[in-house]
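Here is the structure we will look at.
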Amino acid sequence: MSPKLTKTDRLINAFGRDLVQGVFTPGAALPSEAELCERYDTSRNVMREVIKVLATKRLIDAQSYRGLFAMPREQWNYLDANVLEWALSGDGDADPALIASLIEVRSLIEPAISRWAAERATAINLVAIEAALNGMKANTTNRDAFMEADIAFHRAIVAATHNFVIQQLADAISALQRAIFDHTYLSDPGHMALTIKEHSDLFDMIRMKNPVAAEDMAQGMISRTASRAHIKLESAA
């Protein structure tokens with residue numbers, strides 16, 4: 001059960017979504033704090049807290065003596081799960097350039113992560129990876145549960161690298177996966193069987209300590225993900 005959102009959380013979502021989806025012009029000055037309080041029906045204290053949070057996501061630039069500014073798109077923190085969700089959940093079509101960029105980042109880092117996991121995974125790591133894989137197998141008809149198990153699978157592989165810097169990127173990697181899931185997920189039995197086989201084979205290569213094969217399999221998975229995303233975007237155009 002998801003935790004109940006506070007008033008501040010709801011306002012962060014509302015204001016953040018407005019910023020990302022162009023209600024306020026990127027790079028332009030925002031309304032005054034008083035005007036924002038009126039617009040979103042909240043107090044100055046709550047609005048100031050919201051502004052602080054959105055500034056950490058690089059959506060707002062609060063300049064002393066000059067006021068508030070909506071940050072340009074290229075400066076947004078796209079590794080923030082909220083920013084990605086807001087950017088990909090607009091009323092219009094998804095931004096093909098953003099989705100392509102997300103897939104490029106995954107193709108850059110995930111094969112290397114799989115290689116390192118194959119070299120370094122402990123028995124405890126293998127138990128965690130296999131548990132997530134079993135969660136995927138058990139939820140092939142439950143989209144949300146399948147997605148969470150898929151994300152857990154890749155997080156467990158990140159943990160198996162035993163690279164502390166890479167492990168700090170686990171949330172960002174999960175955010176990338178979650179952001180493009182709607183654009184790559186196919187529920188038909190044939191595709192689902194292929195997805196399960198791909199993940200099972202990757203697990204086997206990590207378990208058998210075959211780093212070259214693990215890297216190649218991860219790269220193949222990302223390439224097929226890119227193809228599915230391209231097909232979905234083309235069909236929606």
Side-chain angles (χ1 to χ4, degrees), residues 9-30 50-51 53-61 68-114 143-144 146-155 157-158 165-166 168-187 191 195 198-199 218-237:
D9 291 333
R10 290 194 298 271
L11 186 50
I12 290 169
N13 278 321
F15 194 3
R17 196 178 299 271
D18 284 348
L19 286 161
V20 170
Q21 295 182 6
V23 174
F24 302 101
T25 304
L30 290 169
V50 169
I51 289 169
V53 172
L54 295 177
T56 66
K57 300 175 186 292
R58 299 206 297 273
L59 297 179
I60 290 178
D61 182 16
L68 304 173
F69 293 81
M71 293 285 276
R73 292 175 61 88
E74 61 270 17
Q75 295 187 35
W76 296 348
N77 180 8
Y78 285 106
L79 295 183
D80 182 281
N82 292 140
V83 174
L84 285 172
E85 177 193 351
W86 299 331
L88 294 174
S89 63
D91 294 332
D93 294 333
D95 181 354
L98 175 56
I99 294 171
S101 295
L102 297 174
I103 293 173
E104 284 179 351
V105 171
R106 289 189 62 188
S107 70
L108 177 68
I109 61 178
E110 289 192 30
I113 286 171
S114 296
R143 178 195 175 283
D144 290 342
F146 183 86
M147 177 181 69
E148 294 304 329
D150 191 357
I151 289 173
F153 178 87
H154 292 281
R155 288 183 73 95
I157 292 176
V158 171
V165 177
I166 289 294
Q168 290 179 15
L169 294 176
D171 288 343
I173 294 169
S174 295
L176 294 177
Q177 285 186 273
R178 198 180 303 276
I180 65 174
F181 193 80
D182 284 341
H183 306 282
T184 60
Y185 177 74
L186 295 172
S187 60
H191 168 73
T195 298
E198 288 177 333
H199 285 72
Q219 187 62 65
M221 289 170 62
I222 296 298
S223 296
R224 285 184 283 277
T225 295
S227 296
R228 292 196 300 275
H230 178 74
I231 290 170
K232 281 203 170 186
L233 289 170
E234 285 290 316
S235 64

Nearest heavy-atom neighbours spanning [X] and [Y]:
X	Y	answer
Ile103	Ile222	O-CG2, 4.1 Å
Glu110	Ala218	O-CB, 4.1 Å
Leu19	Ala70	CD2-CB, 4.0 Å
Ile60	Ile51	CG2-CG2, 4.2 Å
Val83	Asn77	CB-O, 3.4 Å
Pro72	Pro26	CA-CB, 4.1 Å

key: N-O pairing of Arg58 and Glu74 below 4.0 Å   =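 No, no charged N to carboxylate O under 4.0 Å.
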For residues [X] and [Y], determine if any side-chain heavy atom of one lies less than 4.5 Å from a side-chain heavy atom of the other.
X	Y	result
Asp150	Phe181	yes
Leu169	Ile113	no
Glu85	Arg17	yes
Leu102	Gln177	no
Tyr78	Val105	no
Arg178	Leu84	no

task = Spell out, as yes or no, whether a donor-acceptor pair under 3.5 Å connects the side chain of Trp76 to the backbone of Met71.
result =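 Indeed, once roles are kept as given, a pair shorter than 3.5 Å links the two residues.
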With rounding to the nearest 0.5 Å, note down the distance linking [atom1] in [X] to [atom2] in [Y].
X	Y	atom1	atom2	value
Arg106	Ser223	CZ	OG	11.0 Å
Arg224	His191	CZ	NE2	10.5 Å
Leu59	Leu68	CG	CG	12.5 Å
Asn82	Leu54	CG	CG	9.0 Å

ask   = With a 3.5 Å cut-off and no angle check, do the side chains of His199 and Thr195 form a donor-acceptor pair?
value = no
Whether Phe24 and Phe15 hold their rings parallel, tilted or perpendicular, with breakpoints at 30° and 60° =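 Phe24 and Phe15: perpendicular rings.
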